[in-house]
2 protein chains.
Amino acid sequence: MATIRDVSKLAGVSVATVSRVLNRSGYVGAATEAKVTAAMEALSYKPSETARSLAGKQSSMIALMVPDLLNPFFPELALAIETCASAYGYTVILCNSNNDAEKERKLFDLLVHKRVDGLILSSYTATPKQIIALQDRGIPVVVVDNGFPGQPILSLIARNREGAREAVRHLLKQGCSKIGHLSGPADVTAARDRRQGYADECAALPWFSSSLIEQGDFQAEGGYDAAKRLLDREPGIDGIFAGNDAMAIGALKLLHERGSRVPDDMRVIGFDGIRVPMVVPELSTMVQPIYEMGEQAMQQLHRLIGGEDVKRETIELNTSLLVRRSSSR
Amino acid sequence: MATIRDVSKLAGVSVATVSRVLNRSGYVGAATEAKVTAAMEALSYKPSETARSLAGKQSSMIALMVPDLLNPFFPELALAIETCASAYGYTVILCNSNNDAEKERKLFDLLVHKRVDGLILSSYTATPKQIIALQDRGIPVVVVDNGFPGQPILSLIARNREGAREAVRHLLKQGCSKIGHLSGPADVTAARDRRQGYADECAALPWFSSSLIEQGDFQAEGGYDAAKRLLDREPGIDGIFAGNDAMAIGALKLLHERGSRVPDDMRVIGFDGIRVPMVVPELSTMVQPIYEMGEQAMQQLHRLIGGEDVKRETIELNTSLLVRRSSSR
DNA sequence: GTGAAAGCGCTAACAG
DNA sequence: CTGTTAGCGCTTTCAC
């Protein structure tokens, strides 16, 4: 593999000059530049990212850390980020924290030592403190699908509360007379906001009771179990708003086992808009703009890495209602 | 961040010695080693992978290249590989080729320049030539879910032909009297083998005709379309063996739209065993040991990287029949 | 404008 | 057993 020295020799200049045209830094005569470019071409030279990284520049690697690759939300996000990152010239390191705070901590350390240029983080367990510490250690972070209001952390999140309200209003409009909610983990902002949105719409209605909320874990199995507990406890429910699609799918499975007809006896709506080719009945959902979220995350991270003065705040993205068969005839 | 020099000073030895205990290479006195270890501890020193990589050692990064992150098969594989890689001390670079031969080619180049230690490749487009070229450029490769018989390429693949035969026999045993097959892309080994397995079992049966095979693309949409073409063309089909789960799900969707009762009027079985929490009816499938496949891929790659003399051949893994509702009452 | 030279942090001969 | 030293390929002052 050709090195910068080979290029410099072939072009009859010094390595410093080659480095300059490589980085468009400092002045280089037009003629010289042409010679260098030609030489690089001739040797099909590509600078060694490794050396570049050692010499103090960027590693042109970013890390993507997700809690659960089996939740289709994250592959979709990963796809968006990978595509966008590669357009910017970054390589993506994939980290699956498995929702394990300890593993996460170790990964943070690793990333620092790997000198990654930045991190796109989706985590239910990372604390603001940890994230800020990471930033202080020189690693710009963009958080996705979780927010830390009041903290100097740049995060991207859907308008969850608003979206939840819209989902519930949709169920009400469909004629539901008693709506239950399967909420996500209590310590996840997105889950809390969705629960809050549900409460916003329902709290004043005569049938409302806080026991209409059952907590799950954002996973299909958990949604199945939570739905079971909810329905066993609260008779007369004819609408379910699940905190995410995975749980909604779990609920649908339970309903099918019990012979409930959806959407006739029970209407169900989820949240996320994951593109799982689902079977019967297709799930209505509040769509998060997952691809856009990944795209924006990468964009913002790139700006942070570039040292731009980006405001470290929570950015909210709009959701959109997607009505399919599970909630409407 | 502490460097090897800091450690050497604190321990009162030379950097070479520190390097030795770091790599367990060469002899180091017990007392010295203890001092060094203590110093490393005290400074919470971690060697810079970047420097180590530049100095000619390994980059401790491997790449994982997949064609389609939206197919749940690949996140599952990725999870297995990431977990296993991290146990071995490797970091995983994620590449999504998007089934695009051109992007794939560029990625190969990139990986060479990044000096990744190895590559786990799942691709429908890469040619044996390309893969061998990559190996010649110093990057060990393990291919997953595709085989290149006769080529010096280490690949892991399920016993597709055998598995397909078993799936078809299962449908026959369930009483199917005319079974269609939705096959995958013609240029994918796995798809061909499964089609062949189907043919093995059916070719001699009175109702068989090659028009019972309809080609899809291993994606749900494609399965939907292929099933439509198949059923419109061939009346009397009461069993479908889909080349993978994604297509089987597409077929189920079509069947539901058409009011076919599954499994009463039509029995369906897929191939892959992806862990999508599916709705009604749950899909029967030939399970590939996805996790094990990822695990083995990582293991073999590690051996290749270590310079062990691993035989570059196709390794086959057993599948297992998982009967659920889509094929059995 | 361009070159010389000093590192970045680590490894690997080669001497002791 | 341990220290010295020369790089790995690139960036970056500092002179000319």
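Proteins come first, then strands; the chains are lettered A, B, ... in the order of their sequence lines, and each starts at number 1.
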Gap between atoms CZ and C1', on A:Arg5 and C:dA4 respectively (whole Å): 11 Å
Whether B:Arg137 and B:Asp109 form a salt bridge (side-chain N of Lys/Arg under 4.0 Å from carboxylate O of Asp/Glu) is what I want to check. yes
Would you call B:Lys103-A:Glu82 a salt bridge at under 4.0 Å N-O? yes
Would you say a side-chain N or O of A:Thr17 is under 4.0 Å from OP1 or OP2 of C:dT2? no
Presence of B:Ser48 side-chain N/O under 4.0 Å of C:dC10 phosphate oxygens OP1/OP2: no
Output the rounded distance in Å from NZ (B:Lys46) to P (C:dC10). 13 Å
Without decimals, in angstroms, what is the distance between B:Leu54 CG and C:dA12 P? 13 Å
Donor-acceptor check, side chain of B:Asp145 to backbone of B:Ile157, threshold 3.5 angstrom: yes or no? no
Assert: residue with more 5' nearest nucleotide on DNA chain D, out of A:Tyr45 and B:Glu33, is B:Glu33
Terminal contacting nucleotides, 5' and 3', DNA chain D versus chain A (heavy atom, 4.0 Å): D:dG9 to D:dT12
Ignoring hydrogens and angles, tell me if any N or O in the side chain of B:Glu76 forms a donor-acceptor pair with the backbone of B:Arg275 under 3.5 Å. yes
Donor/acceptor link under 3.5 angstrom from A:Arg20 side chain onto base of C:dG3: yes
With sugar-phosphate meaning primed atoms plus P, OP1 and OP2, does B:Val13 contact a base, only sugar-phosphate, or nothing at under 4.0 Å between heavy atoms? sugar-phosphate
From A:Ile274 atom CD1 to A:Asn71 atom CG, the distance as rounded to the nearest 0.5 Å: 6.0 Å
From CG of B:Leu22 over to P of C:dA12, roughly how many Å is that when rounded to an integer? 11 Å
In this structure, how many angstroms lie between the P atom of C:dC10 and the CD atom of B:Glu49, rounded? 10 Å
Measure from the side-chain heavy atoms of A:Thr32 and tell me the nearest of C:dG1, C:dT11, C:dC8. C:dG1
To the nearest 0.5 angstrom, please state how far the CG atom of A:Asp187 sits from the OH atom of A:Tyr124. 10.0 Å
Classify A:Thr3 by what it touches in the nucleic acid, base, sugar-phosphate, or nothing, heavy-atom distance under 4.0 Å. sugar-phosphate
Rounded to whole Å, how long is the line connecting atom NZ of A:Lys9 with atom C1' of C:dG3? 15 Å
Find the distance B:Met1:CE to C:dC8:P and express it as a whole number of Å. 13 Å
Reference residue B:Leu121; test side chain to side chain contact (heavy atoms under 4.5 Å, CB included); the match among B:Val144, B:Leu111, B:Ile131: B:Ile131
A:Pro47 or B:Gly29, whichever maps to the more 5' nucleotide of DNA chain D: B:Gly29
